[in-house]
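Encoded as structure tokens, the structure appears first; notes follow it.
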Number of protein chains: 2
Amino acid sequence: MKSKPARGRPREYDPEEALAAALGEFRRRGYTATSLDHLSEATNMARPSLYAAFGNKFEIYRKAVRQYSEQSAEQRLHALFEEPSLQKGLEDYFSAIIDAYFSREGSPLGCPVLSVISGEAAADPVIGAELAAAVERSDSLLQRRMAIAAEAGEISPDADVRGLAAMLAALQHSLALRARAGARRPELSAIAHAHVALVLKAAGYGGVTMHG
Amino acid sequence: MKSKPARGRPREYDPEEALAAALGEFRRRGYTATSLDHLSEATNMARPSLYAAFGNKFEIYRKAVRQYSEQSAEQRLHALFEEPSLQKGLEDYFSAIIDAYFSREGSPLGCPVLSVISGEAAADPVIGAELAAAVERSDSLLQRRMAIAAEAGEISPDADVRGLAAMLAALQHSLALRARAGARRPELSAIAHAHVALVLKAAGYGGVTMHG
DNA sequence: TTCATTTTGTACCGTTTCGCAAGAAATGAA
DNA sequence: TTCATTTCTTGCGAAACGGTACAAAATGAA
């Protein structure tokens with residue numbers, strides 16, 4: 001159902017590439033400040049083609065984010081739920097996040113959701129719901145991981161699972177913001193490393209094992 | 001130098017009120033999505049009056065933020081540096097922040113800096129610098145407070161001061177984002193409370209004193 | 001009254017915004 | 001060749017954008 005030659009004039013763009021290029025514009029400029037002309041230029045598609053292919057501006061944004069999420073979800077989920085060590089799992093999780101925030105050419109683009117639609121979220125209920133859903137997803141993932149760790153005895157059994165998960169989510173939010181504010185990659189890595197270490201310490205991870 | 005009647009036609013607006021109203025618009029809509037017409041309506045000032053009084057759009061934003069910062073800085077600094085207990089100081093600090101994020105009418109407006117210009121920060125260097133400066137200010141304050149605590153023996157003397165401060169900053173960033181995503185006030189208060197408690201635990205605050 | 005000064009209101013500038021209509025171009029099928 | 005189909009290109013249109021020119025209105029000073 002993919003390499004069907006179809007009937008009419010063949011399209012000259014690759015939908016996947018186009019959505020990636022569109023997302024790049026949104027990440028650089030923010031949602032409102034990105035115009036259809038910007039998207040048109042970045043994707044090498046005329047505006048009518050954009051509409052025909054993806055819909056209006058918000059639909060373009062949503063489809064671009066969905067593609068990005070699906071592409072980057074795999075490694076994050078792997079780090080969280082298939083890496084046996086909680087510490088390594090969290091380190092890899094945030095490492096993947098930092099990679100994504102710096103994707104391509106080193107210019108820090110930040111999170112395509114948290115950093116891009118945060119400004120519009122309070123005024124536009126649809127955008128607000130999108131932001132809330134993204135926050136909720138991360139919370140849920142991290143809570144599940146910490147609950148598993150508590151049950152498996154990796155952390156103190158009476159640890160505050162929700163509180164710990166919220167702290168890890170806070171790290172994610174902070175990384176997104178700092179990337180947006182121009183922080184360099186090593187700085188973010190150091191922050192993530194220290195943050196995870198302190199959260200694990202507060203969680204009673206691995207007894208007293210801490211090298212610092 | 002204030003109640004000078006001046007010479008020409010008396011102005012019909014109060015600059016302080018006008019800036020507060022303008023900031024409200026920016027917080028609701030985000031920076032780019034707020035037009036001069038929105039500001040004009042919210043302030044009851046004609047656009048030319050806005051220009052004459054405050055300058056262009058970005059200048060209006062900056063002056064509004066500056067006024068907000070100056071008004072809310074006092075209580076935060078008091079909580080951080082004049083409250084003897086580190087725990088109570090931090091609780092009050094974040095309590096004040098949550099108050100500010102929900103200021104007026106209960107609609108969660110979020111942080112006028114972090115949540116409003118985050119989208120545009122990567123594209124506009126001036127806005128980017130504004131965001132970076134705001135992040136830097138919080139980092140600096142929290143680092144100073146934790147350094148004092150370490151020196152005074154309130155927390156473990158070999159505690160990772162920078163790491164702990166970064167975790168507290170992350171809480172601030174997370175609160176801003178969650179407010180923007182529609183979280184309710186009690187939820188934010190609970191998150192802040194748990195986060196501070198866990199940070200203090202990781203810092204070795206007060207030996208082993210923890211009620212949970 | 002008259003004048004200088006300051007603010008206000010109206011009206012406009014050129015540009016950019018999102019969105020779409022309509023026809024040209026390129027293909028497979030008949 | 002001819003036709004149906006799909007995509008691309010050109011160009012438009014109504015509205016909104018940031019910003020400003022200019023004159024009317026309101027004051028203190030002379």
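Below, all heavy atoms of this structure are taken into account, side chains as well, without hydrogens, waters or symmetry copies. Lettering follows sequence order; numbering is per chain, from 1.
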- prompt: So what's D:dA30 paired with, Watson-Crick or G-U wobble, going by both distances under 3.5 Å?
  reply: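 The answer is C:dT1, by the H-bond criterion.
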
Grab the [atom1]-[atom2] distance between [X] and [N] for me, whole Å please.
| X | N | atom1 | atom2 | value |
| --- | --- | --- | --- | --- |
| B:Tyr51 | D:dA21 | OH | C1' | 14 Å |
| A:Glu12 | C:dA24 | CD | P | 18 Å |
| A:Tyr31 | C:dT17 | OH | P | 14 Å |
| B:Arg47 | D:dC22 | CZ | C1' | 15 Å |
| A:Leu39 | C:dG19 | CG | C1' | 14 Å |
| A:Glu59 | C:dC20 | CD | C1' | 17 Å |
| A:Leu36 | D:dC12 | CG | P | 19 Å |
| B:Asp37 | C:dT17 | CG | P | 17 Å |

task: Answer yes or no on whether A:Lys57 is positioned over the face of A:Phe26, meaning its NZ or CZ is under 6.0 Å from the six-membered ring centre and within 45° of the axis.
output: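 No, A:Lys57 does not sit over the ring of A:Phe26.
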
message: If you assign each of B:Arg11 and B:Pro48 to its closest nucleotide in DNA chain C, which residue comes earlier from the 5' end?
response: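 Taking each residue's closest nucleotide, the earlier one in sequence belongs to B:Arg11.
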
Looking at the side chain of [X], which of [options] is the nearest nucleotide?
| X | options | answer |
| --- | --- | --- |
| A:Arg9 | D:dA24, D:dG18, C:dA26 | C:dA26 |
| A:Ala46 | C:dC18, C:dG9, D:dT10 | D:dT10 |
| B:Lys57 | D:dG19, D:dA25, C:dC18 | D:dG19 |
| A:His38 | C:dC18, D:dT20, C:dT17 | C:dT17 |
| A:Arg7 | C:dA29, D:dG18, D:dC8 | C:dA29 |

Short side-chain N/O contact from A:Ser35 to OP1 or OP2 of C:dT17, under 4.0 Å: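 Checking C:dT17 against A:Ser35, a side-chain N or O does come within under 4.0 Å of OP1 or OP2.
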
message: Quick one: does any side-chain atom of A:Arg180 pair with a main-chain N or O of A:Leu109 as donor and acceptor, under 3.5 Å?
response: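 Yes, the answer is positive, given that a donor and an acceptor are paired below the 3.5 Å cut-off.
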
For [X], answer base if it contacts any base atom (sugar-phosphate contacts may also be present), sugar-phosphate if it contacts only those atoms, and nothing otherwise; contact means non-hydrogen atoms under 4.0 Å.
| X | value |
| --- | --- |
| A:Phe58 | nothing |
| A:Thr32 | nothing |
| A:Ser49 | base |
| A:Ser40 | nothing |

- request: Please test B:Tyr205 against B:Val196 for side-chain contact (heavy atoms from CB on, under 4.5 Å), starting from the C-alpha separation and ending with a verdict.
  value: CA-CA 11 Å; B:Tyr205 178 76; B:Val196 167; over 6 Å; no

Verdict with reasoning, A:His193 to A:Glu91, per side chain to side chain donor-acceptor pair (under 3.5 Å): CA-CA 7 Å; A:His193 187 79; A:Glu91 302 255 359; 3.1 Å; yes

task: Look at A:Glu83 together with A:Arg145 and state whether they make a salt bridge at an N to O cut-off of under 4.0 Å.
output: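 Between A:Arg145 and A:Glu83 there is no salt bridge, as every charged N stays at least 4.0 Å from the carboxylate O atoms.
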
